[in-house]
Amino acid sequence: MVRQPYPKKGTWTPDEDQKLIAYIMRYGVWNWNEMPRFVGLQRSGKSCRLRWMNYLRPNLRRGNFTREEEETIIRLQKELGNRWSAIAATLPHKTDNDIKNYWNTRLKNNNSASATTETSCSIEENSCDANSSASLNIPTMTDFPEPFACSTTFSPSDCHQTEEVDNTYSMRELLFHLNAIGRY
DNA sequence: AACCAAAGCAACCGCTCCTAG
DNA sequence: ACTAGGAGCGGTTGCTTTGGT
């Protein structure tokens with residue numbers, strides 16, 4: 001159980017994002033505290049989890065909130081209070097952090113009026129040319145050590161409990177996603 | 001063009017909850 | 001039933017961006 005004594009903090013770099021996405025594509029999520037070592041990141045497990053959950057995982061839609069989403073947030077906040085994860089569960093393409101920020105910055109002091117009239121959802125912002133992948137430096141699977149190749153306290157079956165399951169997340173989708181989140 | 005203030009957002013911290021042993 | 005460790009959540013901070021002067 002060797003942990004980094006001083007894990008790196010601050011804004012994530014594109015390289016770190018690429019490594020984390022590529023690793024999770026291959027092995028899935030098995031232990032946030034141990035994973036950073038195998039990914040080759042000097043981040044805490046918490047930091048990796050947060051980055052993945054809020055920005056890197058598939059199916060997130062960054063950008064403006066639609067009017068419907070905004071109304072849902074206002075209504076559920078009245079019903080549930082600041083239970084952002086519960087509210088986020090009803091908006092599958094948004095994260096609790098997104099919703100929390102949106103509430104605190106735009107709706108909190110103004111929740112009876114619409115915070116913005118321009119709420120068009122810019123799906124087109126997510127458009128990307130997957131053919132541009134050749135110029136990107138995406139880590140390959142061989143860049144990562146096999147988790148069970150190291151002396152650890154978990155078993156191979158533990159490490160690979162989600163292996164192959166995530167193969168629906170193809171390299172093309174990875175490239176699309178990296179573009180969509182504005183990294184490239 | 002330079003400066004400043006406000007707004008927005010990404011990330012960290014500390015706590016609670018959950019689960020396996 | 002108890003404990004330890006991991007995961008998840010909400011509050012908060014601080015950096016970056018944007019708009020005004």
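Labels below follow one simple rule: chain letters A, B, ... track the order of the sequence lines, proteins then strands, and each chain is numbered from 1.
- Side-chain contact check for A/Ser44 versus A/Trp32: every heavy-atom pair is 4.5 Å or farther apart.
- Residue contacts for A/Ser47: at a heavy-atom cut-off of 4.0 Å it reaches the sugar-phosphate backbone alone, with no base atom in range.
- A heavy-atom distance below 4.5 Å is not found between the side chains of A/Tyr102 and A/Glu69.
- Between the side chain of A/Lys46 and the base of B/dG14, a donor-acceptor pair under 3.5 Å is found.
- Here the nucleotide nearest the side chain of A/Asp96, chosen from B/dA11, C/dC9, B/dA10, is C/dC9.
- Closest to the side chain of A/Lys9, out of B/dC12, C/dG6, C/dC9, is B/dC12.
- In this structure, A/Trp32 atom CH2 and B/dC18 atom C1' are separated by 18 Å, rounded to whole Å.
- Whole-Å rounding puts the A/Asp17 CG to B/dA10 P distance at 11 Å.
- Figure legend. B/dA6 is base-paired to C/dT17; pairs are counted as Watson-Crick or G-U wobble with both atom distances under 3.5 Å.
- For A/Arg49, the side-chain atoms get nearest to C/dG8 when compared with the rest of B/dC12, C/dG8, C/dG10.
- A/Gly45 comes within 4.0 angstrom of nothing in the nucleic acid, heavy atoms only.
- Listed nucleotides: C/dC9, B/dG8, B/dA10. Nearest to the side chain of A/Thr105: B/dG8.
- Put simply, CG on A/Asn54 is 19 Å from P on B/dG8, counting in whole angstrom units.
- Comparing atom distances between the A/Asn31 side chain and each of B/dG8, B/dC12, C/dG6 picks out C/dG6 as nearest.
- A/Trp30 places its CH2 atom 15 Å from the C1' atom of C/dG5, with the value rounded to the nearest Å.
- Rounding to whole angstrom units, CE of residue A/Met53 and P of B/dA10 are separated by 16 Å.
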Got a list of protein N/O to nucleotides 11-15 of chain C N/O distances below 3.5 Å?
residue, atom, partner, partner atom, Å
C/dG11, OP1, A/Asn82, ND2, 3.2
C/dG11, OP2, A/Trp84, NE1, 3.1
C/dG11, N7, A/Lys100, NZ, 2.7
C/dG11, O6, A/Lys100, NZ, 2.9

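- The side-chain heavy atoms of A/Leu50 and A/Tyr55, taken from C-beta on, include no pair separated by under 4.5 Å.
- Note: CD1 (A/Ile24) to C1' (C/dA7) measures 14 Å, nearest angstrom.
- At a cut-off of 3.5 Å, with distance as the only test, no side-chain donor of A/Trp84 or A/Thr95 sits close to an acceptor on the other residue.
- Proximity of the aromatic rings of A/Trp30 and A/Phe38 is defined here by a centroid distance below 6.0 angstrom, and this criterion is met.
- Distance CH2 (A/Trp103) to P (B/dG8): 15 Å, rounded to an integer number of Å.
- The phosphate of B/dG8 has neither OP1 nor OP2 within less than 4.0 Å of any side-chain N or O from A/Tyr102.
- In this structure, the side chains of A/Ile24 and A/Val39 stay at 4.5 Å or more apart for every pair of heavy atoms.
- Side-chain nitrogen and oxygen atoms of A/Arg43 include none within less than 4.0 Å of the OP1 or OP2 phosphate oxygen of B/dA11.
- Just one of A/Gln77, A/Glu71, A/Glu79 meets the side chain to side chain contact (heavy atoms under 4.5 Å, CB included) condition when paired with A/Arg75; it is A/Glu79.
- When the side-chain nitrogen and oxygen atoms of A/Arg51 are compared with OP1 and OP2 of B/dA11, one or more of them lie within a distance under 4.0 Å.
- Here the C1' atom of nucleotide B/dC12 and the OH atom of A/Tyr55 are 12 Å apart, to the nearest Å.
- Among residues two or more places apart in sequence or in another chain, the side-chain hydrogen bond (donor to acceptor under 3.5 Å, both in side chains) test is passed with A/Asn101 by none.
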